[in-house]
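Take a look at the structure below.
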Amino acid sequence: MFYRLYDIFTEHPLDLIAESISIFPLIVGVVRYRSLRKGVKFLILFFFIIIVRDFTSNLYAVRKVNNLFLYNLSAFFEVISVCLLFRFEITKKSTKKFVDYGALITVLLCVFFWRSNELSAGILTSSRLYELLVVLFYFRQLIEDMNVKDILKHSLFWISSGLILQFTGTFFVYLFANYALSINTESGLFNLYWNMNQIMYITFALFSSIGLWVSKYDKNNFL
Amino acid sequence: MKLYIAVGTAVLLVMAIFIIVFVAYYQQKQIRQQLILKEWQEKYRKGLLAATLQAQEHERRRIAQDLHDEIGTMLSVTKLSLNQLGRTVEHNDPSSTVLVQKTRSLLDETIANVRRISRDLVPTTLERFGLVSALEELAEKASNGEVHVELSCSDKLPPLMPQLDLTLFRIAQELINNAIKHANAQHIIIDLHCQPNGILLSVIDDGQGFDLDEIMKDRKRGLGLRNIESRLNVIDGHVTFDVEEGRGSRIHIQVKNLKPEVEVEVEPV
């Protein structure tokens with residue numbers, strides 16, 4: 001079993017890095033838990049889910065069972081986590097409504113586009129589109145409210161930046177998932193897009209770690 | 001398709017980076033401007049407060065001068081006339097002598113009162129001999145059979161700026177007045193000590209104390225305490241109220257003996 005796992009990680013070294021790096025924000029989040037804002041606490045849960053997903057996915061891979069449905073499933077949790085992450089931070093009622101109802105509609109769309117044996121372009125694209133819009137709404141609020149003294153010491157700025165980079169970096173890959181990440185895709189091409197996906201995830205995990213680390217300044221960083 | 005995905009992703013990534021940089025740059029720039037504006041507003045507010053205090057001091061000075069020069073002079077002339085009248089009456093109508101004497105003593109009392117009010121309005125001792133002498137005089141004046149005011153002062157007090165002198169004197173005046181009038185204190189200690197870069201003035205009394213929150217909430221009350229805070233605000237000072245109902249109060253004033261942002265002109269007498 002370990003030999004097989006070793007083979008997988010030798011073939012996809014970026015997967016090992018991406019899966020290991022999830023522990024980083026989780027540890028920082030636990031260390032900084034007391035200073036975390038209400039919404040940001042859900043990010044720890046999000047990374048925990050990602051770790052569980054990757055662990056399960058590795059188990060399936062070792063047993064040569066199709067594990068792509070796990071990524072469709074994790075999109076549900078991603079949408080819910082992003083909704084919870086931002087709904088406590090967004091002050092405008094209409095935007096809050098969009099975050100809530102948007103999450104509900106996206107989850108329904110994810111159910112509609114569900115695929116159990118391959119990556120679903122519908123699920124991955126709709127979830128990314130929703131998350132992208134939520135982050136943009138948050139950025140708009142940051143500029144409108146002007147209540148953060150030092151934006152580089154604001155946890156949600158780093159987390160939002162990481163999210164937006166991950167979403168935009170993987171949006172087209174997921175939009176054309178039927179071509180780029182399907183089971184019929186040529187192995188080299190699949191690896192290229194998959195590695196790209198992992199690089200964007202690593203970026204997001206690093207940005208989130210910074211965000212969680214600077215959360216200690218959040219308390220005194222508001223006007 | 002490969003090209004479309006690559007180009008699309010590159011374009012989206014560039015846009016994302018642009019958005020992040022724009023948000024960070026624009027937000028920081030705006031917040032800096034907002035902070036500068038707030039600083040200016042604070043400076044303006046302090047300036048306004050300083051001008052109000054200065055106007056108050058001007059008005060006190062004018063009233064004191066009017067009392068001394070006009071009413072005081074008129075009373076002295078009246079006394080002279082009364083003395084002349086008294087001498088005439090003594091010869092012609094001895095029965096009215098008592099009435100004249102009574103009027104004279106009333107006049108003396110009025111002259112003394114006018115002089116006292118005039119002196120209270122402008123602390124001449126402060127300007128002539130400094131804060132310690134002025135506080136000594138204040139303690140002496142406030143002490144009577146029932147109340148004992150004591151001044152404890154460090155030997156080497158550095159020369160203070162006139163604005164600081166006046167502020168500390170007015171605050172001490174207000175606190176002593178409060179301790180006697182509202183707290184029914186019998187023993188008051190004025191403690192003036194030098195600190196690195198500043199001065200610490202403490203007024204400690206054995207009165208019945210007060211509830212600071214309750215007084216500060218009530219707009220009609222606590223005018224004196226608010227006035228103390230306003231005065232200290234102008235010179236970047238700080239007040240600590242160690243007070244509670246039912247026990248003596250300890251009020252500590254901390255000021256820096258540095259050149260303030262807003263200067264209040266203190267006219268010589």
Side-chain angles (χ1 to χ4, degrees), chain A residues 121 125 128-129 131-132 135-154 156-182 185-186 188-190 192-193 196-197 199-200 203-204 207 221-223, chain B residues 1-49 197-198 213 216-217 226 229-230 232-234 236-241 254 256 261-262:
Chain A
T125 312
R128 258 141 188 72
L129 209 59
E131 290 157 9
L132 192 70
V135 171
L136 288 177
F137 272 124
Y138 184 68
F139 275 163
R140 194 189 69 173
Q141 181 182 301
L142 269 182
I143 288 176
E144 270 180 4
D145 288 1
M146 285 294 160
N147 58 354
V148 178
K149 273 192 239 168
D150 188 350
I151 202 158
L152 297 179
K153 286 180 180 173
H154 179 49
L156 261 178
F157 170 72
W158 286 99
I159 296 164
S160 304
S161 301
L163 279 172
I164 205 173
L165 283 174
Q166 195 202 5
F167 302 152
T168 50
T170 54
F171 184 77
F172 273 97
V173 177
Y174 284 147
L175 186 66
F176 299 110
N178 293 337
Y179 159 78
L181 297 169
S182 113
T185 310
E186 185 197 325
L189 203 62
F190 183 93
L192 174 78
Y193 291 127
M196 194 170 153
N197 180 39
I199 289 169
M200 293 330 291
T203 314
F204 165 60
F207 271 63
N221 201 17
F222 284 91
L223 284 176
Chain B
M1 187 64 84
K2 204 175 162 184
L3 184 73
Y4 288 144
I5 294 175
V7 172
T9 305
V11 169
L12 273 183
L13 266 175
V14 168
M15 275 169 69
I17 292 166
F18 173 77
I19 289 170
I20 294 166
V21 172
F22 172 77
V23 169
Y25 175 76
Y26 183 78
Q27 209 271 354
Q28 285 298 84
K29 197 181 158 190
Q30 290 290 317
I31 215 83
R32 259 204 301 272
Q33 276 178 348
Q34 232 179 54
L35 287 173
I36 290 169
L37 192 73
K38 266 197 175 172
E39 212 175 286
W40 272 99
Q41 276 174 342
E42 181 65 15
K43 220 171 174 180
Y44 177 73
R45 200 180 60 82
K46 270 189 188 175
L48 216 64
L49 208 63
N197 271 338
D213 293 334
M216 288 310 228
K217 263 183 220 167
R226 266 188 276 270
E229 282 182 342
S230 304
L232 287 171
N233 208 341
V234 176
D236 290 326
H238 182 71
V239 59
T240 316
F241 293 99
Q254 251 176 318
K256 285 176 190 165
E261 282 173 47
V262 185

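Within every chain, numbering begins at 1; the chains are lettered A, B, ... in the order of the sequence lines, protein sequences first and strands thereafter. Keep in mind that this is a model prediction, so the values were computed, not measured.
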Ranking A:Leu165, A:Leu192, A:Leu175 by heavy-atom pairs under 4.5 Å to chain B gives rank one to A:Leu165

CG/B:Leu13 to CE/A:Met196 distance, rounded to the nearest 0.5 angstrom? 6.5 Å

Is atom CE of B:Met216 surrounded by more than 12 heavy atoms (other residues, nucleotides or ligands) closer than 6.0 Å? yes

When you look at OH of B:Tyr26, are more than 12 heavy atoms from neighbouring residues, nucleotides or ligands closer to it than 6.0 Å? no

A:Asn147 side, atom CG; B:Gln34 side, atom CD - distance, nearest 0.5 Å: 8.5 Å

Say whether, by atom type as modelled, one donor and one acceptor occur between the side chain of B:Gln30 and the main chain of A:Met146 under 3.5 angstrom. no

Go through A:Val173, A:Val148, A:Val135, A:Leu189 and name the one with the most non-hydrogen pairs under 4.5 angstrom from chain B. A:Val148

If we only count heavy atoms from C-beta on, is the A:Phe172 to B:Val11 side-chain gap below 4.5 Å? no

Rounded to the nearest 0.5 Å, what separation is found between the CD1 atom of A:Ile164 and the CD1 atom of B:Ile19? 4.5 Å

Distance in Å, B:Ile20 CD1 paired with A:Trp158 CH2, rounded so as to fall on 0.5 Å steps: 9.5 Å

Which distance, rounded to the nearest 0.5 Å, do you find between the OG1 of A:Thr170 and the CD1 of B:Ile5? 12.0 Å

Could you tell me which portion of B:Gln28 (side chain, backbone, both or neither) has an atom closer than 4.5 angstrom to a non-hydrogen atom of chain A? side chain

Looking only at A:Tyr179, A:Phe171, A:Phe157, the option with the highest number of non-hydrogen pairs under 4.5 Å against chain B is A:Tyr179

Let me confirm one number: the OG1-OH distance from B:Thr9 to A:Tyr193, rounded to the nearest 0.5 Å. 8.0 Å

Within the supplied structure, the quantity of interest is the number of heavy atoms (other residues, nucleotides, ligands) at a distance under 6.0 Å from A:Phe222 CZ; does it exceed 12? yes

Give a yes or no on whether B:Glu39 atom CD has more than 12 heavy-atom contacts from other residues, nucleotides or ligands under 6.0 Å away. no

